[in-house]
Amino acid sequence: PEVAAALCRRGRRRLREIQLACGVPLQLDRARGSVVFSRATPAEAAMVRKQIAGLVGPRHSVPPAVWAELMRTRTIQDGEDATVVRMQEACGCRIHIERFLHEVRIFGEEEGIAIATRLLKELGERVGEESVR
């Protein structure tokens, strides 16, 4: 259901983008909440599945210190402080930081999501929060 909703938004723009990127004609089966593709090679089918996996992702609550560090480093593209970019490269997923909640969403395949979750946990062990008066 969440995948179908993501594909239906904005006039099915994402569905068309996946069709163009993969070169495979796709149809959305709203009754089942799934994408139907035919006449696809195994490689094309794998590309479609990877694209669809990147549309939805689990939410993870993170401690305030982790959230603050992710927000601080979200626009840094290179160097030691490029925490978000390095995490995304390591796991192959897109990490979305919610602006008003101490929460992140991880978009990608299951293996990458597991790696990103582990990296977030490790980051939580390295950063801390301290009040200054």
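FYI, the numbering just counts along the sequence from 1. Please read these numbers as outputs of a predicted model, since none were measured by experiment.
- V56 and L15 end up in the same hydrophobic cluster when Ile, Leu, Val, Met, Phe, Trp and Tyr side chains are linked at under 4.5 Å.
- In this structure, C22 and Q51 approach most closely via the heavy-atom pair SG-CG, 3.9 Å.
- Connection of M47 to L55 is not established within any shared hydrophobic cluster, with ILVMFWY side chains joined at heavy-atom distances below 4.5 Å, either directly or through further cluster members.
- To the nearest 0.5 Å, the span separating CD1 on I115 from CD on E110 amounts to 12.0 Å.
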Run the numbers on M87 and T83 for side-chain contact (heavy atoms from CB on, under 4.5 Å), then give the verdict.
CA-CA 6 Å; M87 287 176 70; T83 304; 4.0 Å; yes
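- The distance from the CG atom of L26 to the CD atom of Q19 is 4.5 Å, given to the nearest 0.5 Å.
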Per-pair distances, 0.1 Å, donor-acceptor, side chain in residues 61-80, under 3.5 Å, sequence neighbours excluded:
residue : atom : partner : partner atom : Å
W67     : NE1  : E98     : O            : 2.8
W67     : NE1  : L101    : O            : 2.9
E69     : OE1  : R72     : NE           : 3.1
E69     : OE1  : R72     : NH2          : 3.4
E69     : OE2  : R72     : NH2          : 2.9
T73     : OG1  : E69     : O            : 2.9
R74     : NH1  : M71     : O            : 2.6

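- Annotation for C93 and G108: closest pair SG-CA, 3.8 Å, computed over non-hydrogen atoms.
- Hydrophobic clustering (side-chain heavy atoms under 4.5 Å, transitive across Ile, Leu, Val, Met, Phe, Trp, Tyr) keeps V104 apart from V85.
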Pair up each side-chain donor or acceptor in residues 117-125 with any protein partner under 3.5 Å, not counting sequence neighbours, and list the distances.
residue : atom : partner : partner atom : Å
T117    : OG1  : H60     : NE2          : 3.4
T117    : OG1  : I113    : O            : 2.8
R118    : NH1  : E122    : OE2          : 2.9

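- A search for side chain to side chain contact (heavy atoms under 4.5 Å, CB included) contacts involving E109 returns K50, A53, E111, not counting sequence neighbours.
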